[in-house]
Amino acid sequence: MSKKSGSQLPRSGSFNLQKFLAAKTVAVNEALDRFLPAEKCKPATIHRAMRYSLFAGGKRIRPAILMAVGRTFGASDESLANSSAAVEMIHTYSLIHDDLPAMDDDELRRGRATCHIQFGEATAILAGDVLQTLAFKSMADDETLSAETRVRLVSLLAEASGTPAGMVAGQQLDLDAEGKELSIGEIETIHRQKTGALISAAAVAGAIIANATNNELSAIENYAVKLGLLFQITDDLLDVTQATETLGKTAGKDAAAEKATYPAHYGIERAMAMASAVRDEACESLTSIEKDITLLAELADFVLHRTR
Ligand code: GRG
């Protein structure tokens with residue numbers, strides 16, 4: 001395939017993305033259901049809390065990214081299932097902990113009461129903790145992959161969700177930044193770590209599972225960094241443009257907490273233009289890949305135009 005510029009990439013319509021996303025949501029839900037202890041299994045409270053938060057209707061965008069990249073490079077659905085479940089478990093753990101009174105203190109998530117409102121703070125902390133450990137187990141136990149690949153994946157996910165450059169680092173920077181005026185560079189660092197690192201890890205995991213070449217991995221890394229940034233800019237925009245009912249989480253919280261966001265720094269119009277430019281940059285990162293990148297380009301479009 002010849003090199004393609006961002007504007008020449010295949011556009012929506014050539015691939016049924018909605019159908020893909022719906023099918024992958026079913027696939028990751030099945031994998032999650034297999035991993036999680038049954039609700040009735042003792043101690044039932046923790047298993048109910050884990051399932052309550054995991055099956056609350058999240059968009060499953062991180063598993064979809066992992067599966068889209070894996071599919072682009074020829075991995076089987078079977079080999080992508082455990083890792084997709086793993087990234088969703090890490091993501092859900094982070095949401096449960098982020099909603100706690102000691103962090104963002106929210107009562108609504110995924111359209112329902114947050115885990116600590118429903119089950120109490122102690123159980124919510126445990127539910128987050130155990131989703132995290134189970135995520136690593138689901139990768140470590142994946143019999144469809146070689147031992148070497150499993151170790152690579154576990155290391156990748158640990159780095160992306162931890163510190164000094166992963167999600168925990170970003171969350172700490174975000175806490176430290178409340179009420180302060182940040183430079184755009186500082187805002188980007190927070191976003192890259194807090195939100196982008198896990199999104200990037202999902203994409204890179206798909207490429208690792210599919211045995212992508214080093215050049216392909218590096219193209220996917222660039223794409224994923226842009227996709228993560230795009231996701232965060234649109235998240236910031238949705239916080240100020242959409243209603244709580246649409247989002248399934250409390251709207252307007254960023255401004256109330258004086259968070260460092262793109263619309264707060266640039267205004268809505270400029271932030272929207274930046275999102276569009278970052279989408280183009282994400283797609284341009286794909287131009288060196290000698291595979292059909294339609295699905296990945298459409299995923300970037302989807303993140304740009306999402307409404308929740
Ligand atoms: C507690 C270690 C720790 C980290 C928390 C995820 C996070 C870091 C904070 C949540 C705050 C936030 C709103 C971040 C913006 C990006 C983001 C993660 C949005 C939620 O992700 P979606 O939209 O949610 O994919 P669903 O519910 O659809 O899965």
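Read the numbers this way: they start at 1 and go in the same order the structure lists the ligands and their atoms.
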Legend entry - Heavy-atom pair of closest approach, residues A207 and L217: CB-CD2, 3.6 Å
Inset, instruction - Of all the heavy-atom pairs spanning F20 and R71, show the shortest one and how long it is. - result: CE1-CD, 3.9 Å
Legend entry - Residue list, salt bridge (charged side-chain N to carboxylate O under 4.0 Å, His left out) with R270, at least two apart or on another chain: none
Inset, instruction - May I have all residue pairs that pass side chain to side chain donor-acceptor pair (under 3.5 Å) and include part of residues 32-46, sequence neighbours excluded? - result: D33-R51
Taking 4.0 angstrom as the limit and counting only heavy atoms of [X], give me the atoms of ligand 1 inside it, by number and element.
| X | answer |
| --- | --- |
| G58 | 26 (P), 27 (O), 28 (O), 29 (O) |
| I61 | 25 (O) |
| H97 | 1 (C) |
| V168 | 2 (C) |

For [atom], what is the closest protein heavy atom, and at what distance to 0.1 Å?
| atom | answer |
| --- | --- |
| atom 12 (C) of ligand 1 | K194 NZ, 4.1 Å |
| atom 2 (C) of ligand 1 | Y93 OH, 3.6 Å |
| atom 15 (C) of ligand 1 | D235 OD2, 3.3 Å |
| atom 22 (P) of ligand 1 | K59 NZ, 3.4 Å |
| atom 24 (O) of ligand 1 | H91 NE2, 3.5 Å |
| atom 8 (C) of ligand 1 | Q171 OE1, 3.4 Å |

What about [X]: any of its N or O atoms under 3.5 Å from an N or O on ligand 1?
| X | value |
| --- | --- |
| E88 | no |
| R110 | yes |
| T195 | no |

Legend entry - Donor on one side chain, acceptor on other, S138 and N82, under 3.5 Å: no
Legend entry - Exercise: do T114 and E107 side chains pair donor with acceptor under 3.5 Å: no
Inset, instruction - Examine the proximity of ligand 1 to D98 and report which part, side chain or backbone, both or neither, has a heavy atom under 4.0 Å away. - result: both
Inset, instruction - Answer with side chain, backbone, both or neither: which part of R62 has a heavy atom less than 4.0 angstrom from an atom of ligand 1? - result: side chain
Inset, instruction - Report yes if the distance between the aromatic ring centroids of F231 and H191 is under 6.0 Å, otherwise no. - result: no
Inset, instruction - Give a yes or no on whether a salt bridge exists between K24 and D77, defined as a side-chain N under 4.0 angstrom from a carboxylate O. - result: yes
Legend entry - D235 with K249: basic N within carboxylate O range, under 4.0 Å: yes
Inset, instruction - Return yes when K249 approaches ligand 1 closer than 4.0 angstrom through a heavy atom, no otherwise. - result: yes
Inset, instruction - With R112 as the cation and Y52 as the aromatic partner, state whether NZ or CZ is under 6.0 Å from the six-membered ring centre and within 45° of the axis. - result: yes
Legend entry - Mutual orientation of the aromatic rings belonging to H97 and Y93 [parallel < 30°, tilted 30-60°, perpendicular > 60°]: perpendicular
Legend entry - Heavy-atom nearest option to atom 6 (C) of ligand 1, drawn from S94, G111, S161: S94
